[in-house]
Amino acid sequence: MMNIAIIGYGNAVLNYHLPYLERRENINVKYIFRREEDRVREGTDHESWYPSIQFTTDLNEILQDPEVELVVICTHVDSHVEYATAALENNKHVLVEKPFAPTIEEANQVFELAKSKGLIAMANQNRRFDGDFLTLKKVLESGKLGNIVEIQSHYDYFMPQFIKKGNFGFLYGLAVHTIDQIVSLYGKPDDIHYDVRSIYYPGEADDYIDIDFYFGRTKVTIKCSVAVKLEHPKFTVHGDKGSFIKYSSGHQKKNPNGPNHVSFEPEPEINWGKLSYVDDNGEEHSEKVQSQVTDYGILYEKLYQAIKNDGEKPVKDEEVVTVLKILEDGLNFAKSAK
């Protein structure tokens, strides 16, 4: 059993952490820390949704509890380094929401502190365990597409009301997920071409993101926009033996009136991926690819093995730094775009 404490109690905790932890018998959420000003502003009624968890406004209660092995930081990025440093200095492993830190320099400082203490500091790149991305990986690993020529990844919405002057939140808030997915597949790109800008406020927002990554002869494009009314496939892949498309698995529905309980049932067949390829004998095949199930708790399972059994760290430091570098360069491009 591993006892953990969570700092923060917002959307990420309620919908992307707790619902996936409830079925992990080897992980126990002992504490949730909330600042007193947050409890006053947001209220405390929904703390009763989790009666087995101790809610506290005293951070030292967590840091000084020897039973707590892992501190999960789910706050605004501006406080990630402060909380991670405090936890590490008190001999706790840390799992930090993305983006891991405001800058590469600060990220490396946290990683170095963790190494000096013999602890793990890791980014919570949970979207590696989206059902649609797991389905993509299954197809790539099958080899049926041959050499991969091109991958397109979309993460779009139609929310023009959120396009505002001075809002540089989409690259770090949305595109970070798809950037990390690609880095987890291929590592550091050989080259990158950026088109990060605003549709209405050039140089003053980042609501349109189109980034091309080059890995040898493979080109990967990630696109993220809040002005897309008709749905694109989440993934489109072309290889020298065939093609694959998969529409988004979407998010689990949120429950504003109580604890969220997610479904682990497979997607209906209508949303399965479509694969068309030519095999080594020249025969053509068309297949439906059953969707994998979204489960963000898998990251916790892998982290548990890394902490308890010296398993491999599921999100590597160099991957986090690579993603942060791409985010920083993309933001600079958006600010210079006219």
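Note that the structure is a prediction, hence the values are computed from the model and not measured. Counting from 1, the numbers follow the sequence of the chain as shown. Computed from heavy atoms alone, side chains included, the values below leave out hydrogens, waters and symmetry copies.
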Can you tell me if NZ on Lys325 sees more than 12 non-hydrogen neighbours from other groups inside 6.0 Å?
-> no
Does Phe215 belong to the same Ile/Leu/Val/Met/Phe/Trp/Tyr cluster as Val149, with side-chain heavy atoms less than 4.5 Å apart forming each link?
-> no
Between Gln152 and Ile222, is there a donor-acceptor pair closer than 3.5 Å when you use the side chain of the first and the backbone of the second?
-> no
Hey, does Ser291 have a side-chain heavy atom less than 4.5 Å from the side chain of Lys246?
-> yes
Would the number of heavy atoms belonging to other residues, nucleotides or ligands and lying under 6.0 Å from CD of Glu265 be above 12?
-> no
How many angstroms lie between atom CD of Glu112 and atom CG of Asp317, to the nearest 0.5 angstrom?
-> 8.5 Å
So do Ile27 and Tyr304 actually touch side chain to side chain, heavy atoms under 4.5 Å?
-> yes
Before giving the answer on side chain to side chain contact (heavy atoms under 4.5 Å, CB included), spell out for Asp295 and Arg23 the whole-Å C-alpha distance, their side-chain angles and the decisive distance to 0.1 Å.
-> CA-CA 11 Å; Asp295 185 358; Arg23 69 196 306 236; 3.7 Å; yes
For residues Ala107 and Ala101, report the shortest heavy-atom separation together with the two atoms involved.
-> N-CB, 3.8 Å
Over 60° means perpendicular and under 30° means parallel, so classify the ring planes of His177 and Tyr155, tilted if in between.
-> tilted
Given side chains that start at C-beta, do those of His93 and Val71 come closer than 4.5 Å, heavy atoms only?
-> no
Reference residue Ile4; test side-chain contact (heavy atoms from CB on, under 4.5 Å); the match among Ile62, Leu21, Asn28 | Leu21
Step-by-step side chain to side chain contact (heavy atoms under 4.5 Å, CB included) determination, Tyr247 to Glu231 = CA-CA 8 Å; Tyr247 282 84; Glu231 184 183 13; 3.6 Å; yes
salt_bridge(Arg39, Glu36) N-O dist < 4.0 Å | yes
Side-chain contact, heavy-atom cut-off 4.5 Å: Phe213 with His193?
-> no
Modelled atom types, side-chain donor and acceptor of Thr103 and Glu106, under 3.5 Å | yes
Contact summary for Cys224 and Leu174, nearest pair of heavy atoms = SG-CB, 3.6 Å
Glu67 side chain to Asn3 main-chain N or O, any donor-acceptor pair under 3.5 Å?
-> no
Side-chain touch Leu14/Tyr50, heavy atoms, less than 4.5 angstrom = yes
Consider only side-chain heavy atoms of I, L, V, M, F, W and Y, link residues closer than 4.5 Å, and tell whether Tyr201 and Phe158 are in one cluster.
-> no
What are the two closest heavy atoms between Thr294 and Gly131, and how far apart are they?
-> OG1-N, 2.7 Å
Nearest non-hydrogen partners of Phe55 and Glu47, listed with the distance = CE1-O, 3.3 Å
Honestly, is Arg197 close enough over Tyr208, meaning NZ or CZ under 6.0 Å from the six-membered ring centre and within 45° of the axis?
-> yes
Rounded to the nearest 0.5 Å, how far apart are OG1 of Thr218 and CD1 of Ile182?
-> 11.0 Å
Is there a donor-acceptor pair under 3.5 Å between the side chain of Asn60 and the backbone N or O of Leu63?
-> no
Polar side-chain atom of Ser48 near backbone of Asp45 as donor-acceptor pair, under 3.5 Å = yes
Ionic contact status for Glu287 with Lys144, cut-off 4.0 Å = yes
Should Val77 and Met122 be counted in the same cluster of Ile, Leu, Val, Met, Phe, Trp and Tyr side chains packed under 4.5 Å apart?
-> no
Between Phe168 and Ala334, what is the shortest heavy-atom contact and its length?
-> CE2-CB, 4.1 Å
Report yes or no: does Asn271 contribute a side-chain atom to a donor-acceptor pair with the main-chain N or O of Glu267 at less than 3.5 Å?
-> no
Atom CG of Asp280: over 12 foreign heavy atoms under 6.0 Å | no
So, His17 and Glu22: side-chain donor and acceptor under 3.5 Å apart, yes or no?
-> no
Taking every non-hydrogen atom, the tightest pair across Gly8 and Ile32 = O-CG2, 3.5 Å
Inspect the surroundings of CG in Asn147 and state if more than 12 heavy atoms from other residues, nucleotides or ligands are less than 6.0 Å away.
-> no
Would Gln181 and Ser153 count as having a side-chain donor-acceptor pair, cut-off 3.5 Å?
-> no
Looking at Lys92 and Glu69, does any basic side-chain N land under 4.0 Å from a carboxylate oxygen?
-> no
Apply side chain to side chain contact (heavy atoms under 4.5 Å, CB included) to the pair Ile148 and Tyr186, showing each step before the final yes or no.
-> CA-CA 12 Å; Ile148 303 303; Tyr186 292 111; 4.1 Å; yes
Is there a chain of hydrophobic side chains (I, L, V, M, F, W, Y, each step under 4.5 Å between heavy atoms) that links Leu331 to Ile209?
-> yes
Are Ser243 and Ser276 close enough, and set up right, to give a side chain to side chain contact (heavy atoms under 4.5 Å, CB included), and what steps lead you there?
-> CA-CA 5 Å; Ser243 297; Ser276 178; 5.5 Å; no
Find out whether Gln252 and Pro19 are in side-chain contact, i.e. whether some heavy atom of one side chain is under 4.5 Å from a heavy atom of the other.
-> no
So do the side chains of His46 and Tyr9 get within less than 4.5 Å of each other, counting heavy atoms only?
-> yes
Considering only NZ, NE, NH1 and NH2 on the basic side and carboxylate oxygens on the acidic side, decide whether Glu89 and Lys117 come within less than 4.0 Å.
-> no
Is it true that atom CD of Glu25 has more than 12 heavy atoms of other residues, nucleotides or ligands lying nearer than 6.0 Å?
-> no
Between Lys98 and Asp180, is there a side-chain N and carboxylate O pair less than 4.0 Å apart?
-> no
Does Trp272 belong to the same Ile/Leu/Val/Met/Phe/Trp/Tyr cluster as Leu145, with side-chain heavy atoms less than 4.5 Å apart forming each link?
-> no
Short question: side chain of Asn281, backbone of Glu283 - any donor-acceptor pair under 3.5 Å?
-> no
Looking at Lys335 and Glu204, does any basic side-chain N land under 4.0 Å from a carboxylate oxygen?
-> no
Exactly one candidate in Asp156, Asp210, Asp195 meets side-chain hydrogen bond (donor to acceptor under 3.5 Å, both in side chains) with Lys223; the answer is Asp210
Carboxylate-amine/guanidinium contact Lys313 Glu319, below 4.0 Å = no
Side-chain (Asn90) to main-chain (Ala86) donor-acceptor, under 3.5 angstrom | yes
For the side chain of Asn126 and the backbone of Tyr296, is there at least one donor-acceptor N/O pair under 3.5 Å apart?
-> no
Answer yes if the side chains of Thr221 and Asp212 hold a donor-acceptor pair under 3.5 Å, and no otherwise.
-> yes
Taking Glu150 for its side chain and Val237 for its backbone only, find out whether a donor-acceptor pair lies under 3.5 Å.
-> no
Is a salt bridge present between Asp207 and Lys164, judged by a nitrogen-to-oxygen distance below 4.0 Å?
-> no
Is NZ or CZ of Lys274 both nearer than 6.0 Å to the six-membered ring centre of Phe244 and within 45° of the ring axis?
-> no
Is Lys241 close enough and on-axis enough to Tyr277, meaning under 6.0 Å and within 45°, for cation-pi?
-> no
Quick check: does any side chain N or O of Thr135 sit under 3.5 Å from a backbone N or O of Gln292, one acting as donor and the other as acceptor?
-> yes
Side-chain contact test, heavy atoms from C-beta onward, threshold under 4.5 Å: evaluate it for Phe162 versus Tyr157 and give yes or no.
-> no
So, are Lys316 and Glu318 salt-bridged, with charged N and O less than 4.0 Å apart?
-> no
